[in-house]
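All remarks here apply to the structure that follows.
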Protein chains: 2
Amino acid sequence: MESIGTAAPPAAGEGGNRSREDVVRAASRLFARRGYHGTSMRDLGEELGMLGSSIYSHVSGKNELLIEIVGRGAALFDSVTAEAAASRDSAVERLRQMVHGHVNVVVGNIDEARTFLFESRFLPETDRRQIVAMRDEYEQAYRETIRAGIDEGSLASDLDPGMTAIFILSVLNALIRWYRPTGERTAGAIASEMWAFVSHGILAERVNG
Amino acid sequence: MESIGTAAPPAAGEGGNRSREDVVRAASRLFARRGYHGTSMRDLGEELGMLGSSIYSHVSGKNELLIEIVGRGAALFDSVTAEAAASRDSAVERLRQMVHGHVNVVVGNIDEARTFLFESRFLPETDRRQIVAMRDEYEQAYRETIRAGIDEGSLASDLDPGMTAIFILSVLNALIRWYRPTGERTAGAIASEMWAFVSHGILAERVNG
DNA sequence: CCTACCGATCGGTAGG
DNA sequence: CCTACCGATCGGTAGG
């Protein structure tokens, strides 16, 4: 399991000059909270203790910030499926690891994850298409692992891999809506509960074999 | 089961004067596609074949449109849990009906549902709080039905009603992300597949009793 | 990173 | 529903 999360923010008080990284991080925070179109360069400047126009000494424009943040989010999620694909565990175990990895990414990088999921549609067309393609690959990794699980006999033979992948990712992606860092559950606990739900369902006993 | 969906749009061509209802419907479409902050009154006017300033003869402002659309979405979802609560069926059957009802609302009112789910955060503070409260009640209806299902013995006794409610709603709400009217599945087929996933999970056989 | 701006666009109004 | 317009704010630039 790779390390997740970002270093603590560098004393976001008054004065002091900010790095490009500070700018990107502040933009993640604001885009996640107010949306891309709901955040102005002046808002961002205020968050950083500088004028909106000063941000242009760090980045070429607002677009660049969105592109970079969404790209980071995509890379984080990508690394989860890449790691699982490299494993020699059973398909069902790989799927369980993917669930845990996804939860870890969200919990450790809420702002990037939220911007990735909610603001990608505002990317310039070329970048948007790239992200859509990445997202399709991510979903495909789930589809393939589910198919492998059916083949190895650990997953129910009547599953539709495409729909099942969507449903599992639905549970995973929604975490971004309800997760609060102040909550009592650890990432591991959340992932375990999700996996229990996904694997057993909610009925007291199975209706069919 | 109540009737869902809205009447066909009234010949959205050139000329002709539009009703307030036309304005609200066009706003639903644009807010759903471009977001609230990504839609200008001039964009909306263009969609309606009039100037942005002319819209103010139908509504008091952009805010009013968002409030109305989100309110409609909330009312639609509310009616689903209200109907289920009034039923004398078993808890597990009521839960199944709630899943079907939710899918019907989304499929029949995509734009309102999408605006409700993605743009509520841009409401004026007072309205936003009302919607958050409504959403809490909706979630609570799921929690209570799940608890009743555990009590009647149809749902697994080790379920956490709060988490389970969130997980089920995650699958339901995500529909708004992947549903396309051009897809081959009917609302009923989608709801059935969701219910199968939620009730049985994905494993070939249960691990515990 | 600031001063001093730019043209464009924003939500909205007065008056018809 | 249009004409004509308002002040505010937008993303961004020149020059230091």
Side-chain angles (χ1 to χ4, degrees), chain A residues 9-31 33-70 115 119 121-125 127-128, chain B residues 9-31 33-70 115 119 121-125 127-128:
Chain A
E14 297 297 307
N17 32 7
R18 290 14 180 74
S19 67
R20 196 189 119 96
E21 186 59 27
D22 294 333
V23 175
V24 175
R25 209 128 56 192
S28 302
R29 210 156 39 224
L30 292 193
F31 290 172
R33 277 160 185 61
R34 309 180 193 176
Y36 178 70
H37 285 306
T39 303
S40 73
M41 293 303 268
R42 285 160 180 86
D43 289 340
L44 185 50
E46 198 176 4
E47 182 87 356
L48 288 157
M50 60 171 80
L51 294 179
S53 58
S54 301
I55 296 168
Y56 292 86
S57 60
H58 294 289
V59 292
S60 73
K62 198 182 171 187
N63 255 346
E64 185 187 318
L65 284 169
L66 183 61
I67 294 168
E68 169 131 1
I69 295 163
V70 169
T115 302
E119 310 300 322
R121 57 189 165 143
F122 301 122
L123 284 169
E125 191 52 25
D127 305 88
R128 204 186 57 79
Chain B
E14 297 296 308
N17 33 7
R18 293 8 183 77
S19 67
R20 195 188 121 97
E21 186 59 28
D22 295 332
V23 174
V24 174
R25 210 128 56 192
S28 302
R29 210 155 41 226
L30 292 193
F31 291 173
R33 276 159 186 61
R34 310 181 192 173
Y36 178 70
H37 284 306
T39 303
S40 73
M41 293 302 269
R42 284 160 181 84
D43 289 340
L44 185 51
E46 198 175 4
E47 182 87 357
L48 288 158
M50 61 172 79
L51 294 178
S53 59
S54 301
I55 296 167
Y56 292 87
S57 60
H58 294 290
V59 292
S60 73
K62 198 182 171 186
N63 254 345
E64 185 186 319
L65 283 168
L66 183 60
I67 293 168
E68 169 131 1
I69 295 163
V70 169
T115 302
E119 311 299 323
R121 56 189 165 143
F122 301 123
L123 284 171
E125 191 52 25
D127 305 88
R128 203 187 58 79

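Since this is a predicted model, take the numbers as computed values, not measurements.
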Round to a whole Å and report the spacing from NE2 of His37(A) to C1' of dG11(C). 16 Å

If you take all heavy atoms of Ala26(B) and Glu47(B), which pair is closest and at what distance? CB-CG, 4.0 Å

Rounded to whole angstroms, how far apart are CG on Leu65(B) and P on dG11(C)? 11 Å

Please report the distance, rounded to the nearest Å, between CG in Asp43(A) and C1' in dT9(D). 10 Å

Charged N-O contact under 4.0 Å between Glu46(A) and Arg42(A): no

Rounded distance (Å) that lies between atom C1' of dC2(C) and atom CG of Asn17(A): 13 Å

Counting only N and O atoms by type, is there a donor-acceptor contact under 3.5 Å from the side chain of Glu64(B) to the main-chain atoms of Val59(B)? no

Are Asn63(A) and Tyr36(A) packed together at the side-chain level, in the sense that at least one heavy-atom pair is separated by less than 4.5 angstrom? yes

Look at all strands and tell whether His58(A) reaches a base, only sugar-phosphate, or nothing, counting heavy atoms closer than 4.0 Å. sugar-phosphate

Atom pair distance, as rounded to whole Å: CD1 in Ile55(A) and C1' in dG11(D): 11 Å

Base, sugar-phosphate or nothing for Ser40(B)? Non-hydrogen atoms, less than 4.0 Å. sugar-phosphate

Glu64(A) CD to dG11(D) P, in whole Å, measures 15 Å

Could you check if a side-chain atom of Thr115(B) sits within less than 4.5 angstrom of a side-chain atom of Phe122(B), using non-hydrogen atoms only? no

If I take atom CG in residue Asp22(A) and atom C1' in nucleotide dC1(C), what distance separates them, rounded to the nearest angstrom? 14 Å

Can you measure Leu51(B) atom CG to dT3(D) atom C1' for me and round it to whole angstrom units? 9 Å

On a heavy-atom basis, which atom in Leu48(A) and which in Asp22(A) lie closest, and how many Å separate them? CD2-O, 3.7 Å

Checking side chain to side chain contact (heavy atoms under 4.5 Å, CB included) between Thr39(A) and each of Arg33(A), Arg29(A), Glu119(A), Arg34(A), which is the one that passes? Arg34(A)

Protein-nucleotides 12-16 of chain D N/O pairs under 3.5 Å:
from    : atom 1 : to       : atom 2 : distance (Å)
dG12(D) : OP2    : Tyr56(A) : OH     : 3.0
dG12(D) : OP2    : Lys62(A) : N      : 2.9
dG12(D) : O5'    : Tyr56(A) : OH     : 3.4

Does any nucleotide pair with dG15(D) by Watson-Crick or G-U wobble geometry, both distances under 3.5 Å, and what is it? dC2(C)

